[in-house]
*Asks:* 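Quick one: the structure is below, and I'll ask about it shortly.
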Amino acid sequence: MLNLEKSAEAFAEAKNLMPGGVNSPVRSYRSVDCNPPFIARAEGSHIYDIDGNEYIDYVGSWGPMVVGHAHPKVVAALKAAAERGTSYGAPTLLESELACLVKSVYPSMELVRMVNSGTEATMSALRLARGFTNRDKTVKFIGCYHGHSDGLLVDAGSGLATFGVPSSPGVTKATAQDTITVPYNDVDAITAVMDKYGEEIAAIIVEPVAGNMGLVLPKQGYLDTLRKLTEKHGALLIFDEVMCGFRASLGGAQAAYGIKPDLTCLGKIIGGGLPVAAYGGRRDVMSFVSPAGPVYQAGTLSGNPLAMTAGIETLKILTEEPEPGEPDYTRQLSLKTKTVVLGFTERAKAAGIPVQVHQAGSMFGMFFSEHEVYDYATAAAADQEAFKVWFRAMLEEGIYLAPSQFETIFMSGAHTDADIEKTLAAAEKGFAAVKKFCGK
Ligand SMILES: *Cc1c(COP(=O)(O)O)cnc(C)c1O
């Protein structure tokens, strides 16, 4: 049995200090009915808790740690940067260097603004879209997460495609009513909304590869439909690639699916484990951002040299030319991910457990469901009890996964063949545990 005694004590104490004992809700492990391990350190693909347990980490701080934890190049650059001072609140060459790297991979981002979190990026992009179009309403898809700004903490009202209702106390009805929610991957629903409200819509915001209801892929042609509808109605198309950026492919979903959005939000990987996010896009639109234009947005620590350094070093590793004949970094990640995805699929099948395993580059996810999963409703129908049993069995075996099947799991460049072998052996035990549980 996994010994989590010290973590349990630490969690009890943390609950007296922070709401629910954490600084972000999903870390509390509430959905898997156990205490979270408290982490002491991490290196490469492995993470270590305060009780001395060691795990293979597929959370990667929820995506950013794509080159592995404490990568020597990133650490060395950060040490040197820290000695030069961590923030000046003044322009630096590092900001231009990171912006340049981002533009080289995301050519649709003609101008880039750095911020500190994905939440800030999407919130600012939407304000910009409203300011640029002089329209008030936003369309978002049910099950897509874009951070916790008021206008995006909105659930569907009754009916298929409706004006939103607050999904959290504290969000005003007036704010929620400016957001229209539509099921993901439903061409008819979004077409109907745009036909009816198109002239009032500032932007459609979408996770072009959805990673926050578990991993759900866009159906063929779906993103193209969004591009055409926004063009037709003079609304902006915002790709929230905070998670799928540098993962669905190096150039994100926009490169993988060949769609050019008006605005893009990046986060997670772009900061290499430090708090960085960015929004950017069409030059004429981005020129509306202050001080170039009238739409206000600012940040005391935005673009600070420490954070820029972590982003630059991480993106340098990702964009490095491969040895001749070798696949590039993201391709290698994708191949490793595929091995795990196929391994999970085969082992589930052998155990007679119905699952849907999805992959986009170095992102993957598994639903305990016998039905195809393509939107929030089909994701939510997956078997949560089976997931809990599987999750705890994996943790016992030293495999650290996101504590919910409605999250995505991530491969890093530091994961070794031995890690993957161990993961698949654990998966087999996990499926056996689920089988036993279902037999009861
Ligand atoms: C994580 C995430 C966000 C929010 O980013 P934070 O840095 O947590 O504020 C926004 N959009 C998507 C798609 C995300 O995955």
Side-chain angles (χ1 to χ4, degrees), residues 22-28 58-66 106 113-127 129 138-154 167-168 179 181 184 203-218 223 226 237-249 252-254 256-257 261 263-281 297 299 301-304 307 310-311 314 358 360-365 375-376 379 402-410:
V22 291
N23 282 311
S24 197
V26 70
R27 296 177 198 171
S28 70
Y58 290 98
V59 178
S61 189
W62 305 91
M65 310 316 299
V66 66
Y106 291 79
R113 171 59 62 86
M114 301 293 170
V115 292
N116 307 289
S117 69
T119 295
E120 249 185 280
T122 55
M123 176 185 80
S124 308
L126 282 172
R127 182 186 305 137
T138 302
V139 175
K140 96 172 264 292
F141 298 95
I142 301 163
C144 284
Y145 176 69
H146 306 288
H148 61 85
S149 71
D150 283 2
L152 291 164
L153 282 187
V154 167
S167 69
S168 163
T179 306
T181 61
Y184 195 72
I204 293 180
I205 186 165
V206 64
E207 283 185 81
V209 166
N212 286 291
M213 48 178 147
L215 180 62
V216 173
L217 305 179
L223 298 173
L226 301 185
L237 179 61
I238 304 177
F239 271 12
D240 178 357
E241 301 221 40
V242 167
M243 185 190 287
C244 63
F246 307 98
R247 281 204 181 267
S249 78
Q254 51 197 274
Y257 292 91
L263 293 174
T264 299
C265 299
L266 296 174
K268 300 198 164 105
I269 281 178
I270 195 187
L274 267 78
V276 184
Y279 65 104
Q297 187 268 309
L301 292 173
S302 294
N304 74 76
T314 300
H358 295 171
S362 61
M363 310 161 71
F364 61 115
D375 65 2
Y376 181 73
S404 159
Q405 68 190 316
F406 308 117
E407 302 289 348
T408 293
I409 34 191
F410 303 102

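Everything numeric in this text was worked out from a predicted model, so none of it was measured. Indexing begins at 1, ligand by ligand and atom by atom, following the structure's order.
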*Asks:* So, Arg113 versus Gln297: side-chain donor-acceptor pair below 3.5 Å or not?
*Replies:* yes
*Asks:* Only pairs under 3.5 Å count here: list side-chain donor-acceptor contacts from residues 237-246, not counting sequence neighbours, and write none if there are none.
*Replies:*
from   : atom 1 : to     : atom 2 : distance (Å)
Asp240 : OD1    : Val242 : N      : 3.0
Asp240 : OD2    : His146 : ND1    : 2.7
Glu241 : OE1    : Ala253 : N      : 2.6
Glu241 : OE2    : Ala253 : N      : 3.4
Glu241 : OE2    : Gln254 : N      : 3.0
Glu241 : OE2    : Gln254 : NE2    : 2.9

*Asks:* If you look at every heavy atom in Ala278 and Met114, which pair is closest and at what distance?
*Replies:* CB-SD, 4.0 Å
*Asks:* Report the residues that fulfil ring pair (Phe, Tyr, Trp, His ring centres under 6.0 Å) with Tyr184, sequence neighbours left out, ordered by chain and then residue number.
*Replies:* Tyr222
*Asks:* Quick one: OG on Ser362 to CZ on Arg247, what's the gap to the nearest 0.5 Å?
*Replies:* 4.0 Å
*Asks:* Could you name the protein residues that come within less than 4.0 Å of ligand 1, counting only heavy atoms, and order them by chain and residue number?
*Replies:* Ser117, Gly118, Thr119, Tyr145, His146, Gly147, Glu207, Asn212, Asp240, Val242, Met243, Lys268
*Asks:* With sequence neighbours left out, what residues match His148 under ring pair (Phe, Tyr, Trp, His ring centres under 6.0 Å)?
*Replies:* none
